[in-house]
Amino acid sequence: RRPWRCPGRGCACAANPATLNCAKPRRGAWRPATAYEQTAARNAQGNPVSADLSSLLEANRRWAEAVKQREPGFFTRLARQQSPRYMWIGCADSRVPANEITGLDPGEVFVHRNVANIVVHSDLNALSTIQFAVEHLKVRHIIVVGHYGCAGVRAAMRGLRVGLADNWLRHLQDVRLRHRKRLEHLSPEQQEDVLCEMNVIEQVGNVALSTVIQDAWARGQPVAVHGWVYGLKDGLLKDLECTMDRPETVVQVFGHAIKRYPRAAGHDDAAETGFD
Ligand code: CO
């Protein structure tokens, strides 16, 4: 339906349909502009906020058209059901979009993102998403993806207070504290990069130890949890080789992955227990 416009020549309404009190006679019965028409009128006048978004809506129409041209029936097929093979747990950072980075189309990856890709055992949002992915969609791979240059990791590393998120980033500070002997002898830049990687390994462990994954493995459902890190500078993903695919190996895989980050020279790794 086309937005209503006053047909009166020279009438202010013709240029600005949002003007509701035009007294000029016109064809058809007078009615006030709908909310949609008012918004459309403001957009036409160059409302800065809506104009900003109108380019997105325009791009969306072009994209949908291009997809339909390339693959007729794409949307009708997807509308019926999704059956992604992968679940992505990543940082909310705008520079790390799951589909683009991996070249996957809509329908191919199920995504959960939050600040600094953290999976906490009491986070009902993350756990519900993982449960849906595993039990209903039957994803085969869950990939926790961190990224270098993560603002959350940097804040935790430097002990910055940023507000409400401090409580969320406390989980990252716990990771840092736990592995401090493998971090403190590095330069500040190296520490941030290593903490990005360690955080991924920790979260892979958290996903693997969650009730959802433990139950899936107990049922014999094949699902593997992987850890990757993404480089903002080169656009490349790196496998941190900490894949967990059955309950017996979780602790062992975790230990091997963490022990790749050496302690300061002269520190006897073998003499200590645990992973600190
Ligand atoms: Co980040």
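For ligands, and for the atoms within them, numbers begin at 1 and follow the listed sequence. Being a predicted model, the structure only gives us computed values, none of them experimental.
- The only member of Leu232, Val229, Asp234 that meets side chain to side chain contact (heavy atoms under 4.5 Å, CB included) when paired with Tyr148 is Val229.
- Protein N, O or S atom count below 2.8 Å of the Co ion (ligand 1): the structure gives 3.
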Donor-acceptor list for residues 72-92 side chains, cut-off 3.5 Å, not counting sequence neighbours:
| from | atom 1 | to | atom 2 | distance (Å) |
| --- | --- | --- | --- | --- |
| Thr76 | OG1 | Gly73 | O | 3.0 |
| Arg77 | NH2 | Glu71 | OE2 | 3.3 |

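- If you check the side chains of Glu202 and Asn199, you find no donor sitting under 3.5 Å from an acceptor.
- Between Arg170 and Asp174, at least one side-chain nitrogen of the basic residue sits less than 4.0 Å from a carboxylate oxygen of the acidic one, meeting the salt-bridge criterion.
- There is a side-chain donor-acceptor pair under 3.5 Å between Gln190 and Ser187.
- Remark: the backbone N or O of Leu240 is not paired with any side-chain donor or acceptor of Trp228 at under 3.5 angstrom.
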